[in-house]
Amino acid sequence: MGAIVRQIGERELLLGAACIVALLLFSLISPYFLTATNILTVLRNCNELFLIGLGMTVVLGIGGIDVSVGVVMGLAAIAVGRLLQADAGPLLSGLAGPLAGGVIGLVTASVVVLGRIPAIVATLGLFGVYRAAVFLALGGAWLSGLPTDLTSVLGAPVLGIPVALPVVAIAYLIVFVVIRHTPFGLHVLATGNSEVKARLSGVSVRRVQFTAYVISGICCGLAASFYIATYRNVAMTIGGTLALEAIAAVILGGTSILGGRMSLLGTALGVLLLRILQNGLLLVGVPSLWQPVVTGLLLILVLGTEAGRGRFDAASLTRHLRRPGRQGAAG
Amino acid sequence: MTPPLIEARQISKRFGALTALNAVDLTIRSGEVLALLGDNGAGKSTFIKVLSGAHPASDGEILVDGRPVHFASPQDAAEAGIATIFQELALSENLSIAENVFLGREMTRNVLGVPFLKRRAMKRQVTGLLDELDAHISDPEAPVGSLSGGQRQAVAICRALNLDARLVIMDEPTAALAVAETRKVLQLVRRLADSGRAVILISHNMHDVFEVADRIAVFRRGRKIAERERRATDPEEIVSFITGAHPDVRALEMQS
Amino acid sequence: MSSRTSLTLPILAGLWILIVAGLAILQPSAMALSTVTTVLQFSTLLALVSLGQAMVILGGGAGIDLSVGGTVSLVAIIAMLLDTAGVPSFLLPVVCLVAGTLLGLVNGILVTRLRLLPLIATLGTFYVYSGTALAITGGSAIGGAPAYLLPWGRGTLAGFPLPFVTLVLPLFVLAVLLLRYTAWGRWIYAFGFNERSARLVGIPVDRARFIAYGFSGLMAGLAALVSLAWLGSARPNIGQNLELTSLTAVMLGGVAIFGGRGGLVGVLAAVLLLVTLQTGLLQLNVNTIWQVGIIGALLILVLLVDNIRMIRRTA
Amino acid sequence: MLKTRTLLLAVAAALAASTTFAAAQDKARVAFVPQIVGIPYFDAMQQGGEQAAKKLGVEFVYQGPVDTNPVDQLQIVQNLINQGVEAISVSVLDASSLAPVVEAAKAKDIKLFTSDSDAPDSGRALYVAQASDQGLGYTIIDEMVKRAGEDAKIGIVSGEATASNLNAWIGYMQERVKEKYPNVTLLDPQFAGGSAERAAQIAGDMMASNPDLKGIIAVASTTCPGVAQAIETAGKIGAVVGTGYCSPNTARAYLKSGAFGYSVLWDPSELGYLTVWAGKQLIDGKTIPAETTPEGMSHPVTYDDKTGILLLGDPAVFTADNVDDFNF
C-alpha cells in the first residue's frame, strides 16, 4: 500500500494546510471564530456528512457511486424517529438507524450488483423510489419535536466534548481498520482498480461490491441516528442534496471516483474543510447563498491542481467502466 | 506410467454461433514447458481460459492426475494447482507487490472474528519468493504500478509459486518486453519447469519458443492441428502450420 | 447500437401508448388538443437540455454534464441582468446563446485541458453556476423580459407550442442527421465506444469532446431563452433538477452511460414519455410524489430489461 | 424478451389502474396548488379545504410540486386548467410564474386566484391572505422586541431565497425596524433552502459569529425546527429568543423547552377553508362584501375590492401558555 499512502499523503497535507490557512484567516477576520463553542459547532455539523462520506468512500473505492445516500439517511431517520415516539428508549432507537440503513443498503446493493445496472443510473432511479417511500412513511406530516432521549445521550458532555464525537471517531476507526487491515480492504481496492483483474485474482468481486453498498447503507443509518439526535425532526425534503455534497467532500479528500484509490482521512479532512469554509464565510459576513459557489470552486481548484499529471486517462477509463458481463463475452 | 498432470479431452467452447474451440486434446506433464502457438483468434487464449476456470467449456472434460475435474471459477482451478498469468497480468496496479501476490488468499490472524492481515508475514514470504526467483526487486511494498513489464511478470510468477501451483499458464509473457527483460523472464520460465512444475506458454515469438519450450502445439481456427517435440521440428515447419501452408493442414482443412 | 435503439423505441412507444390509453379510459376529458399543447410546452426545456446531455454522454470518456440546470439558471439571469443594464434587447437571444456556449466550454476546458473527470468537473460547475445565479439575485426573479419574445414563447401553431416547433424539432432532426451522416457524428460514436482506437486512427477526440460540452451549454442557453420568452422573467432556480431529469431522460432513451451507444430519437421519446406520464398522473389527480417514485422505478426497470436481454444473448 | 416486455407493460398498467381517481364531475371543482406537498402547513390547508368542500358542496382538488420548483408548479396549474377545474387557487412560489397561465385560464373562463402567497400584478381574480404581509412582518418584530429588548441584535433564517411571500415578510420586518426601532440591529437574511439541517447549521453559525445575538426569526415553516434545535444545542435557551412562522404542532416542543419564545401564525386549515369558500364565490359569480362571516367559519373576514385581498384576520401569537389550546 506504500504508493497509495504516498499519493493520498500529498492530498491530505494539502487539505490539512487548507484547513489551517482557513482557520487562521477566519480567526483574523472574526474574533468569534476560534472559540470553543464555534469549533464544537463546526465539528458537530460535520457528523452526518462525515458518516455518509465514510460509506461513500468505500463505495467509490470499488468504483461505484451512490446518489441516493441522503434519502437513505432520511428513511432510516424516520425509523429512528418513530421508535423514539414509541418510547423505545435511546439505545434501541439509536441502533435502529444503522440497522434500517443496512436493510436499505441491501436493497441498493441488490439493484446495483445483482441487477448489473450502472451504479449512477441505478441509484438515480432508487433516489426517486426512496423519496416516494419517505413521503409515504411520513404521510404528509413531519416528525417534529421528537423526544430528546437520543439527544441527551449523544449530547452528554464527557470532558467537555459531546459523546457524539467519540462515537463518530469509533465509527471511523472501525471502517479504517476494516479497510486497512483486513482482506476486504484489499479486495475493495483491487475491485475498484479493475473488476476483471480482481476476479481473475480470485476476489469475489460481486460479494465485495455488495458488501460495500451495505456498509454505505449502515453508515447512512448511523448518520440518521445523529441527525435525529441533533435536529429531532424529519421533513419530507430530508437529505435531498446530501449525496452530491458527500461525493464532493470524498473526492476532495483524494478518493478516486474511478475506484481503486481511497483515503478515509482525506474524507474526514474534506468534510472538515467544507464545514470550516461554510461556517467561516458566514462568520465573516458572506451570505449563505454563496456557499455552494465556494464548494464548487474548491472542487475544481483542488482537483485542478492535479491537472496534467495524467491521473485521468479517458481511454482506460472507458474500458474500466464497461460492464463485466460484456467484457467476458469478448474473449 | 503415472497419468499426465493435466489432460484435456475433446474441449470445445462456443460463444453463440461462434465456435472458438473445436474438440481439442492436449496433455501436459510435470517439469515440461509446453508452448502454444497460433495466429490471433486461433483459440489459444480461449483454451487457457477454459483450463484456468475463467470460462466453462461447452463440451469435453479436464483430468488432473487422471481424475476428471470441473472448474466453475479461477479459484477452483487454483485449488487444483493451476495458476494462470493472464496477458493483462491480472495484477492490481494500485496494490503493492506483497498484496498482489496474496490477493484473494491473504494470510490473516483472527481477532474477535475479524480477520486481520498479517502484513509482516506476507512481506517476509514474498521477499523470500523474490529472492528465490532472483527477480532483483528489493521492496515488496512497492506498488505494482511502478514496476517494469518484466518485473510485473516476476510478480505474477511469484503469485503462481505462492499458490503452490503445479501448472503455471503464461499468456504472452514477453509480448511487451525489451530484450534484456525477455531474457530474464525466459530464465524464470525455465527455472519454474526445472523445479518440477509444468508450464504452458503462449507466445508469438518463435525465437522465445524455441529457446525455452520442450514441446510445441499449434492451434488454428479453434483446433489443435499439430504437436511436436522441440527437438523434432524447426521454426519453418511451425510457421507453415500456423499460416496453414503445411500440407497436413491443407489436407485437414479440405476435409472439413 | 442499432439493436439497442430499436428495442428502446418500442418499449418507450409501448409505455407511451399505455399511458395515453389509460388516460383515455380514466379521464376521457384529457383527450384534447390542449393536453398535447401542455405536454409539448413542458417538454421543451427538458428536451433541449437532454439533447445536450445526450451528446456529452454519447461522446464517452465518462462524459456527463451535471451543470446543465445551473447553466440554464445562470444564463437566464445573465441575459436579464445585461438587458436591464441597457444592452439592446434585440441582442438578448444572442446573449443567451453566447453565454450558454461559454459556460459549456468552461466544462470542456476542465475536462479536455485540465483532464478533470467530467463528473467532478461538472459537479463543481453545477455548484458554481446554480449558486451564482441565486447569490447575485438574492433569489428573486428578474422580470421584464423583452415583449417581442413573448408571442414566440407563449404562442402556438395549430396547438403546437412555437418553441417546440421552431427549436426542439429542428434541432433534434439536425442533430440526428449530424450524428448519422457526418464524419463528426460518426466520430462521436467511435470515440464514445472505443476511445483508444479512435485516437489511433487520428480522430481529434479532445477537440470533438470540447465542442460537445460547448454544444450542451448552447442547448442550456437556448432553454434559458425559451424560459425567458415563456415566463417573461428570469428565475435564478429555473434550471433546478434539470441535471437529474435530463440524465434520466437520456438513460431512459437508451443512451449507454458509458457512451458510444444509443440514439437521439430515443431521447426525445423518453422526454415525451416522462412529461406525458407526469401530465397523465396530474390529470388523474395522483399525488405528485408518485411521479418521482414511478419515474425512478421505470428507469431501473428499463435498464433491467436491457440487461436481461444482454445476458440471454451472451449465454 | 417478449415476456419481459409484457411483464413491464403489465406492471405499468397495474400502476395506472391502481391510481384511478376518475369521478363523475357533477359538482363544481375548486383546486388549491401549494408551494410544496408533504409539509404540515399545507397539509393543514388541505384539510381545511376538504372540510369547506364538504360543507359547500364542491369538489376539492389538492395538487402540488415535490420540490419548490416554479416550473413544476406551473405545470400543475396548466394541467388543472386543461381539466377544466372551475376555480384554481395557487400559493405562488414566484410572483411572475403565473403569467403564462393566466390567459389560458381566462380563455377557458376559469377563475384563477391566489392564496397564502400572492402574485399581485398577474391578473389573478383575488388573493386569499392569511394576514397582510405587513401585519405578519410587523407582528413578529414587535413581539421579538418585547422579549429581546429595543437594542437587540436579531438574525433571520429563511427558506428558499426565491419564495416571494417569505421575501415580502422579510421586507416588512426590515421596514418596521427602520421606522420604529432604530436601535435594533437586523442581520441580513440567510437562506437554508427547504432543509432543517441547513437551517440549524446556519443558525448555529449565526450565533457563533454574533455572541450578542438576542433573537432568531425562522421565516419559512421548514426552517423552524432547525433554528429551534440550534438554539437548544448551543445552550442558548434564554439568551436567544427563537421564533418563526410555524404552527403550534411544529413549535410546541420548542415553546415548551424555551428555545422558542413565541410563534406567529394563523390557522392554515381556516385559510384552506376560506380559499375554497372564495373559489365557490368566484364560480357562483357572487361579489364578496367588505366584511362577511363565511358559512362554517366562526369569525368575520374582510375583503378589499380595490386590491382584491380577502383577509382571514390578524395573525395569532402562540406561546408556551396557549399552545396546547390549538391542534394544527
| note | Given C:Leu66, C:Ile295, C:Leu119, the one with more heavy-atom pairs under 4.5 angstrom with chain A than any other is C:Leu119
| message | List the residues meeting side chain to side chain donor-acceptor pair (under 3.5 Å) with C:Thr248, not counting sequence neighbours, and say none if there are none. | response | none
| Stepwise side-chain hydrogen bond (donor to acceptor under 3.5 Å, both in side chains) check, C:Tyr213 with C:Thr112 | CA-CA 10 Å; C:Tyr213 281 97; C:Thr112 60; over 6 Å; no
| request: Verify, without hydrogens or angle tests, whether C:Gln53 (side chain) and C:Asp65 (backbone) share a donor-acceptor contact under 3.5 angstrom. | output: yes
| note | chain C shares the most heavy-atom pairs under 4.5 Å, among A:Leu124, A:Thr295, A:Ile251, A:Val111, with A:Leu124
| field | Shortest non-hydrogen separation from A:Ala109 to A:Val214 and the atoms involved | value | CB-CG2, 4.3 Å
| task | Under 4.5 Å, heavy atom to heavy atom: which of residues 128-135 of chain C reach chain A? Give them by number, or say none. | result | C:Val128, C:Gly131, C:Thr132, C:Leu134, C:Ala135
| task | Let me know if A:Ile300 has heavy atoms under 4.5 Å from chain C in its side chain, its backbone, both or neither. | result | both
| task | Considering non-hydrogen atoms only, spot the tightest contact between C:Ser140 and C:Pro236 and give its length. | result | O-CD, 3.7 Å
| said: At a 4.5 Å cut-off on heavy atoms, which part of A:Ile120 comes close to chain C: side chain, backbone, both, or neither? | reply: side chain
| Interchain contact, A:Val129 with chain C, by part (heavy-atom threshold 4.5 Å) | both
| query | Is it true that A:Arg275 and A:Glu245 make a salt bridge, defined as a side-chain N closer than 4.0 Å to a carboxylate O? | reply | yes
| field | Test item: A:Val58 and A:Tyr213 side chains (from C-beta on) under 4.5 Å apart, heavy atoms | value | no
| field | Residue A:Ala248 versus chain C: region with a heavy atom under 4.5 Å | value | both
| said: So for C:Ala297, is it side chain, backbone, both, or neither that comes closer than 4.5 Å to the heavy atoms of chain A? | reply: both
